[in-house]
Every structure is written in structure tokens, then in C-alpha cells.
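Each remark here refers to the structure printed beneath this line.
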Amino acid sequence: MVAASESKRAVEPATPVYAADNFYDAGEKGCAFGPMDEIAALMRRMTSGQTLEIHASDPSVAFDLAAWCRMTGNALVEQREEHYLVRKG
């Protein structure tokens, strides 16, 4: 029998890959669990031209983030695997 604490794998914090102004780690949260709301709140506090790097391992974020950027006038500048670089419009 494996103890509950042993059955969960340790999740290492993500390391930024871009030289962005800000960094947000959504981890494994899919869009149904709130990362887009958190990203939107971060972007509202940024000024035009600043960048936000987002780390998200759930594949749904790739689709929702691209659509959100188009709807809000922000730019999805680049994606490297689970890392996304967004520029505030």
C-alpha cells in the first residue's frame, strides 16, 4: 500500500525561458480551473508593450490563450512547448 503523500508526484516550479517582464506558472491547471482569469488580471496591471511569460502544461491553454489574445488585442508572440510569451496590446 502506498501512502497518499507518496502517490503524488512532486511538481517542480517552472523555470522561465523568456526574458519577459512578468512570469505566471499555471502548472497543470486547464482553462476550466481559472488560469485565464489569473492571466487577465496580471495583464490588466501591465502597461502596453510589456510581456508576460506563461507556463502551462495543460494543452487546452494553447487554444484558449491564442483566442483570448485575439479577442483582447494582446499578442501571442511565441510558444516553446509549455511556455507562451504574450505582449500587452
Side-chain angles (χ1 to χ4, degrees):
M1 178 184 237
V2 176
S5 62
E6 292 175 12
S7 66
K8 293 182 180 179
R9 64 182 172 99
V11 177
E12 295 289 324
T15 302
V17 297
Y18 300 108
D21 297 299
N22 297 289
F23 179 77
Y24 171 71
D25 186 4
E28 297 177 348
K29 286 193 272 185
C31 288
F33 297 100
M36 294 309 300
D37 293 333
E38 295 168 359
I39 291 166
L42 287 167
M43 294 294 286
R44 280 192 294 273
R45 293 192 296 262
M46 295 168 55
T47 60
S48 182
Q50 284 189 307
T51 55
L52 173 65
E53 178 178 343
I54 301 154
H55 168 260
S57 59
D58 188 287
S60 69
V61 174
F63 298 107
D64 289 348
L65 184 60
W68 178 82
C69 284
R70 286 190 304 273
M71 291 187 310
T72 58
N74 297 302
L76 180 56
V77 177
E78 189 175 343
Q79 176 185 354
R80 290 186 206 161
E81 297 178 3
E82 299 175 342
H83 292 262
Y84 307 85
L85 184 64
V86 176
R87 178 173 294 116
K88 181 166 175 93

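The chain is numbered in sequence order, starting from 1.
To the nearest 0.5 Å, atoms CG (Asp21) and OG1 (Thr47) are separated by 7.5 Å. With rounding to the nearest 0.5 angstrom, the CD1 atom of Ile54 is 10.5 Å from the CD atom of Gln79. To the nearest 0.5 Å, the span separating CD on Glu81 from OG on Ser57 amounts to 12.0 Å. Once rounded to the nearest 0.5 Å, the distance linking OG1 of Thr51 with CE of Met43 reads 8.5 Å. Atom CZ of Arg87 sits about 9.5 Å away from atom OG of Ser48, to the nearest 0.5 Å. The distance from the CG atom of Asn22 to the CD1 atom of Ile39 is 12.0 Å, given to the nearest 0.5 Å.
Closest non-hydrogen pair, Pro35 versus Lys29, comes out as CG-O, 3.8 Å. Here the closest non-hydrogen pair linking Asp25 and Ala14 is OD2-N, 3.3 Å. The two residues Asn74 and Gly89 make their nearest non-hydrogen contact at OD1-N, 2.9 Å.
Considering only residues two or more places apart in sequence or on other chains, Ala41 meets the side-chain contact (heavy atoms from CB on, under 4.5 Å) condition with Arg44, Arg45.
At least one side-chain heavy atom of His83 sits less than 4.5 Å from a side-chain heavy atom of Glu53. Between Lys88 and Leu52, every side-chain heavy-atom pair lies at or beyond the 4.5 Å cut-off.
Grouped with Val17 in one hydrophobic cluster are Tyr18, Val77, Leu85, the linkage being side-chain heavy-atom contacts under 4.5 Å among Ile, Leu, Val, Met, Phe, Trp and Tyr residues. Under the 4.5 angstrom side-chain criterion for Ile, Leu, Val, Met, Phe, Trp and Tyr, Met71 has no cluster partners at all.
A continuous path of ILVMFWY side-chain contacts below 4.5 Å connects Tyr84 to Trp68, so both sit in one hydrophobic cluster.
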